[in-house]
Amino acid sequence: MKEAILLVGGKGTRLRPLTVRTPKPMVPAAGVPFLTHQLARARAAGVEHVVLATSYLAEVFEPYFGDGSALGLSLEYVTERDPLGTGGAIRNVASRLRSGPDDPVLVFNGDILTGLDIRALVATHSASGADVSLHLTRVADPRAFGLVPTDADGRVTAFLEKPQTPEEIVTDQINAGAYVFRRSVIDSIPGDRPVSVERETFPGLLADGAHLQGMVDSTYWLDLGTPAAFVRGSADLVLGRAPSPALPGRCGERLVLPGASVADDAKLTAGTVVGASAVIGAGARIAGSAVLDGAVVAPGAVITDSLIGAGARIGARTVLTGAVIGDGATVGPDNELRDGVRVWCDAVLGAGAVRFSSDA
């Protein structure tokens with residue numbers, strides 16, 4: 001397998017305000033845009049050519065990654081004029097693929113952090129002779145996901161969308177968002193309308209007698225679709241729980257990027273990352289959080305499991321727990337924001353304006 005399609009067109013609505021100015025795959029995780037980790041892992045698995053299927057804020061990707069040579073890749077970019085769904089997005093980039101009809105093409109989503117053994121998935125695909133092979137993972141509560149039961153040989157037997165009753169939960173295996181397609185299958189997807197690969201392409205192939213193979217790999221898997229999950233994923237990368245060859249430093253309790261200023265008595269733990277040119281004041285305590293480039297955390301602030309946007313300012317003695325502060329926002333001193341509060345980009349909260357609130 002030499003090439004891949006990476007689906008990066010989503011609007012990231014659940015991640016706002018992180019995605020107001022930045023497409024979800026470009027939001028920094030562990031010091032670099034999340035997409036960097038995915039591209040680096042693909043390259044490490046032998047991929048040489050990647051086509052990025054873009055849509056929302058599509059103009060951001062190419063200026064950052066260029067032709068991909070810095071990562072040892074050849075990158076191309078295809079932008080959807082109208083939303084096409086996952087299957088439509090795959091079909092929309094087919095003309096840029098270089099593979100022959102029977103060659104394997106890796107397809108993966110731009111919002112999944114995983115430790116998937118990509119080479120093993122490709123090997124499973126080749127050994128089974130499948131038309132499409134799917135990465136499956138096991139979860140404790142599969143009700144929010146699409147179930148994918150398989151037979152004793154790993155062959156997919158059904159696709160069951162988001163079961164609601166105990167009787168409907170026939171397996172704990174879910175679609176984990178990474179696939180290997182036979183190139184000819186990609187060419188068979190309708191090219192003139194939106195298509196969902198999960199709800200239309202895969203069930204249709206199964207109904208037509210195609211061979212869909214599942215490979216269970218539950219080493220590490222996290223959907224980064226919510227702010228809490230994104231912050232946790234960033235921390236797991238720093239801590240080394242999630243593997244990435246693109247981590248810009250050593251794994252550990254903290255990752256401080258060049259140009260950042262951290263007071264000697266500030267305490268950074270639990271996978272905290274501090275971006276370039278950020279400033280962390282005296283006595284600040286930051287755990288499991290991401291402080292993006294140019295942000296300022298004043299003395300005595302206490303920040304836990306939160307994300308501080310680029311250029312944001314957090315006042316002295318302010319306490320943040322599970323909060324997301326948008327780019328350029330200011331949270332004055334002596335505030336206390338908890339339980340998933342989100343402060344929009346460039347918003348200003350005065351001193352002591354909010355305590356124990358979930359709205360801002």
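We number each residue from 1, following the sequence as shown. Keep in mind that the numbers below use all heavy atoms, side chains included, and drop hydrogens, waters and symmetry copies.
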Looking at D293 and A310, would you say the former's side chain and the latter's main chain have a donor-acceptor pair under 3.5 Å? no
How far does CD1 of I286 sit from CG of D305, to the nearest 0.5 angstrom? 12.0 Å
What heavy-atom pair brings S133 and S128 nearest, and what distance separates the two atoms? OG-OG, 4.4 Å
To the nearest 0.5 Å, atom OG1 of T318 lies from atom CG of D334 at 6.0 Å
With the side chain counted from C-beta on, respond yes when L97 and F181 share a heavy-atom pair under 4.5 Å apart, and no when they do not. no
Closest non-hydrogen atom pair, N335 against G352: OD1-C, 3.5 Å
For R138, does its backbone N or O pair with a side-chain atom of S218 as donor and acceptor, under 3.5 Å? yes
Is there a chain of hydrophobic side chains (I, L, V, M, F, W, Y, each step under 4.5 Å between heavy atoms) that links L57 to F34? no
How would you list, by chain and number, every residue that makes a side chain to side chain donor-acceptor pair (under 3.5 Å) with T79, sequence neighbours excluded? T54
Check the pair L106, V122 against side chain to side chain contact (heavy atoms under 4.5 Å, CB included), reporting the backbone distance first and the verdict last. CA-CA 8 Å; L106 175 68; V122 177; 5.5 Å; no
If you group Ile, Leu, Val, Met, Phe, Trp and Tyr by side-chain heavy-atom gaps below 4.5 Å, do L268 and V297 land in one group? yes
Any donor-acceptor pair under 3.5 Å linking the side chain of Y179 with the backbone of V105? no
Shortest non-hydrogen pair, Q213 vs V156, comes out as C-CG2, 4.0 Å
I want to check something: taking the side chain as every heavy atom from C-beta on, are L7 and F108 in contact at a cut-off of under 4.5 Å? no
Quick one: does any side-chain atom of T272 pair with a main-chain N or O of T269 as donor and acceptor, under 3.5 Å? yes
Are V47 and L75 in one and the same hydrophobic cluster, where Ile, Leu, Val, Met, Phe, Trp and Tyr link if side-chain heavy atoms are under 4.5 Å apart? yes
More than 12 heavy atoms from other groups under 6.0 Å of CZ on R41: yes
Donor-acceptor pair, S306 side chain versus A323 backbone, under 3.5 Å? yes
Give a yes-or-no answer on whether the side chains of T150 and Q173 include a donor-acceptor pair shorter than 3.5 Å. yes
So, the side chain of Q38 versus the backbone of I112: is there a donor-acceptor pair under 3.5 Å, distance only? yes
So, do V60 and R21 sit near enough that their side-chain heavy atoms are less than 4.5 Å apart? no
Run through D327, I325, L307 and flag the one making a side chain to side chain contact (heavy atoms under 4.5 Å, CB included) with L18. L307
Tell me, with the steps shown, if E62 and L52 meet side chain to side chain contact (heavy atoms under 4.5 Å, CB included). CA-CA 10 Å; E62 189 168 3; L52 275 67; over 6 Å; no
Short question: side chain of S196, backbone of G85 - any donor-acceptor pair under 3.5 Å? no
Within one Ile-Leu-Val-Met-Phe-Trp-Tyr cluster: I5 and V197, side-chain cutoff 4.5 Å: yes
Grouping ILVMFWY residues whenever side-chain heavy atoms fall under 4.5 Å, the cluster of V296 otherwise contains V279
If we only count heavy atoms from C-beta on, is the V273 to L257 side-chain gap below 4.5 Å? yes
Sequence neighbours excluded, the answer for salt bridge (Lys or Arg N to Asp or Glu O under 4.0 Å) partners of D131 is R182
S99 and side chain to side chain donor-acceptor pair (under 3.5 Å): which single residue from H49, R183, E3, K2 fits? E3
Which distance, rounded to the nearest 0.5 Å, do you find between the CG of L206 and the NE2 of H211? 10.0 Å
Worked verdict on W221 versus I174 for side chain to side chain contact (heavy atoms under 4.5 Å, CB included): CA-CA 11 Å; W221 185 85; I174 68 166; 3.9 Å; yes
For the backbone of L73 and the side chain of R43, can you confirm whether one donor and one acceptor N or O come within less than 3.5 Å of each other? no
Is there a donor-acceptor contact under 3.5 Å from the side chain of H135 to the main chain of D217? yes
Go through it in stages, so that I can follow the logic: the residues are N175 and F202, the test is side chain to side chain contact (heavy atoms under 4.5 Å, CB included), and I'd like the CA-CA distance, side-chain angles, deciding distance and then a yes or no. CA-CA 11 Å; N175 179 353; F202 290 158; 4.3 Å; yes
On a heavy-atom basis, the closest approach of A29 and L237 is CB-CD1, 4.1 Å
So, taking the atom named CE in M26 and the one named CG in L35, what distance separates them when rounded to the nearest 0.5 Å? 6.5 Å
For the atom pair CZ (R193) and CZ (R91), what is the distance rounded to the nearest 0.5 Å? 12.0 Å
Minimal non-hydrogen separation, A290 against S234, with atom names: CB-OG, 4.3 Å
Heavy atoms only: give me the nearest G209-R155 pair and the separation to one decimal. O-NH2, 4.0 Å
Tell me whether R98 is salt-bridged to E76, with the criterion being a basic N under 4.0 Å from an acidic carboxylate O. yes
Please check: side-chain N/O of D223 versus main-chain N/O of G225, any donor-acceptor pairing under 3.5 Å? yes
same_hphob_cluster(V354, V302) at 4.5 Å side-chain heavy-atom cutoff: no
Are S289 and I308 packed together at the side-chain level, in the sense that at least one heavy-atom pair is separated by less than 4.5 angstrom? no
